[in-house]
Amino acid sequence: MKPLLATSTGIDRWWSLLSLVFLCLGFSQASEITFELPDNAKQCFYEDITQGTKCTLEFQVITGGHYDVDCRLEDPDGVVLYKEMKKQYDSFTFTASRDGAYMFCFSNEFSTFTHKTVYFDFQVGEDPPLFPVENRATALTQMESACVSIHEALKSVIDYQTHFRLREAQGRSRAEDLNTRVAYWSIGEAIILLVVSIGQVFLLKSFFSDKRTTTTRVGS
């Protein structure tokens with residue numbers, strides 16, 4: 001019975017370590033938001049960051065117009081760290097120079113009638129280590145090393161899934177837009193054919209209609 005007890009304990013340890021992996025993934029310091037940006041509108045977000053923290057801002061326009069938007073990032077003193085005009089997607093990494101609230105804004109003020117759907121991911125700092133090395137006398141065991149590898153692989157899977165969802169949403173939006181244009185074009189062609197057909201009927205009818213002639217007699 002001892003081997004069975006050992007196997008059960010090993011399974012429990014695996015499940016507990018895997019739960020710790022998912023728990024660490026859940027506490028990652030990142031903000032992912034998808035929001036609507038109307039025409040002639042500007043949306044700003046704020047994040048409190050401590051000095052020396054490495055941050056990454058990544059954004060992408062999913063739907064609307066030419067899939068472009070203005071982006072601007074400022075530090076607490078109002079110094080512009082990043083500014084791009086009419087970008088479809090981009091990524092910017094910086095290190096906070098001081099403590100305070102950093103502001104990043106997305107602007108659609110150049111568009112007069114098209115609203116946009118924008119996705120952004122703001123990563124603040126780095127993920128804490130799965131197994132802290134402070135006050136640790138021994139190296140990672142084989143099971144702990146495997147959990148670290150699984151943790152990194154899961155983070156890569158999450159990133160790939162996010163990008164694939166964005167591509168799918170963007171492709172669906174373009175397909176729906178193309179379908180709408182094709183439908184309008186088909187309706188326009190049908191109306192033009194109907195008008196031309198009616199015009200041809202009246203034209204042919206005018207060829208075969210009897211024309212009355214009038215004669216005038218001039219008497220002497």
Side-chain angles (χ1 to χ4, degrees), residues 25-49 53-97 100-127 154-195:
L25 283 175
F27 286 113
S28 176
Q29 296 180 356
S31 300
E32 297 185 28
I33 297 178
T34 301
F35 65 97
E36 296 286 336
L37 186 62
D39 53 287
N40 294 318
K42 181 179 180 181
Q43 184 72 38
C44 294
F45 302 87
Y46 299 84
E47 182 74 22
D48 289 328
I49 306 174
T53 304
K54 185 178 180 180
C55 307
T56 300
L57 173 63
E58 182 180 0
F59 68 91
Q60 180 176 347
V61 182
I62 302 176
T63 62
H66 296 287
Y67 303 92
D68 53 356
V69 72
D70 297 341
C71 183
R72 182 187 182 96
L73 174 64
E74 297 180 0
D75 67 359
D77 294 329
V79 178
V80 178
L81 303 178
Y82 171 83
K83 181 180 179 181
E84 289 292 340
M85 310 294 290
K86 297 185 179 181
K87 295 285 291 187
Q88 295 183 352
Y89 57 89
D90 201 4
S91 178
F92 176 70
T93 302
F94 68 97
T95 302
S97 59
Y102 286 72
M103 179 183 69
F104 54 99
C105 300
F106 299 95
S107 174
N108 192 31
E109 294 175 334
F110 59 87
S111 180
T112 56
F113 59 89
T114 305
H115 77 279
K116 311 286 177 65
T117 303
V118 183
Y119 161 86
F120 75 86
D121 178 11
F122 194 67
Q123 182 81 30
V124 180
E126 298 180 354
D127 292 334
L154 287 175
K155 289 197 299 182
S156 299
V157 169
I158 291 175
D159 292 338
Y160 280 121
Q161 286 180 339
T162 300
H163 285 88
F164 283 136
R165 282 197 297 267
L166 292 177
R167 290 183 180 179
E168 188 273 336
Q170 192 175 53
R172 183 175 65 251
S173 174
R174 291 184 176 180
E176 292 175 353
D177 183 51
L178 180 61
N179 181 51
T180 302
R181 293 185 180 184
V182 171
Y184 286 153
W185 181 258
S186 300
I187 294 174
E189 285 186 334
I191 293 174
I192 292 174
L193 288 175
L194 181 62
V195 172

Q) Around Y89, counting heavy atoms of other residues, nucleotides and ligands shown, do more than 12 lie under 6.0 Å from its OH? A) no

Q | Between OG1 on residue T63 and CG on residue L37, distance to nearest 0.5 Å | A | 10.5 Å

**Q.** Option from T56, D121, L57 for which side-chain contact (heavy atoms from CB on, under 4.5 Å) with S91 holds
**A.** T56

Q: Report the C-alpha separation of F92 and E84 in whole Å, then their side-chain angles, then the decisive distance to 0.1 Å, and conclude whether the side-chain contact (heavy atoms from CB on, under 4.5 Å) test is met.
A: CA-CA 11 Å; F92 176 70; E84 289 292 340; over 6 Å; no

Q. Y46: what forms a ring-ring contact (aromatic ring centres under 6.0 Å, His included) with it, not counting sequence neighbours?
A. none

Q) Could you state the interatomic distance from OG (S186) to CD1 (I191), rounded to the nearest 0.5 Å? A) 11.0 Å

Q | Full working for side-chain contact (heavy atoms from CB on, under 4.5 Å) between Y119 and T117 | A | CA-CA 7 Å; Y119 161 86; T117 303; over 6 Å; no

Q: Could you tell me which non-hydrogen atom of I49 sits nearest to which non-hydrogen atom of A96, and how far apart they are?
A: CG2-CB, 3.7 Å

Q) How close do V61 and K87 get, heavy atom to heavy atom, and via which atoms? A) CG2-O, 3.9 Å

Q: Output, in order, the C-alpha distance, side-chain angles, deciding distance and verdict of side-chain contact (heavy atoms from CB on, under 4.5 Å) for D68 and F110.
A: CA-CA 10 Å; D68 53 356; F110 59 87; 3.8 Å; yes

Q | Closest heavy-atom pair and its distance - V80, R72 | A | CG2-NH2, 3.0 Å

Q | Nearest atoms (heavy-atom pairs only) where S111 meets N40 | A | O-OD1, 3.0 Å

**Q.** Atom pair OG1/CD of T34 and Q60 - distance to nearest 0.5 Å
**A.** 10.0 Å

**Q.** Interatomic spacing from NZ in K116 to CD1 in I62 - rounded to 0.5 Å
**A.** 13.0 Å

Q) What is the minimum heavy-atom distance between V69 and S107, and which atoms define it? A) CG2-O, 3.1 Å

Q) Any side-chain heavy atom of K86 sitting closer than 4.5 Å to one from D70? A) yes

Q: Return the minimal non-hydrogen interatomic distance between H115 and E36, and the atom names on each side.
A: CD2-OE1, 3.0 Å

Q. Rounded to the nearest 0.5 Å, how far apart are CH2 of W185 and CD1 of I192?
A. 6.5 Å

Q. Cys pair C71/C105: SG distance under 2.5 Å?
A. no

Q) So, the side chain of D75 versus the backbone of Y102: is there a donor-acceptor pair under 3.5 Å, distance only? A) no

Q.
Apply side-chain contact (heavy atoms from CB on, under 4.5 Å) to residues N108 and Q43 and explain how you reach the verdict.
A. CA-CA 9 Å; N108 192 31; Q43 184 72 38; over 6 Å; no

Q. Rounded to the nearest 0.5 Å, how far does CD of E189 lie from CG of L193?
A. 7.0 Å

Q) Sequence neighbours excluded, which residues qualify as ring-ring contact (aromatic ring centres under 6.0 Å, His included) partners of F104? A) F45, F120, F122

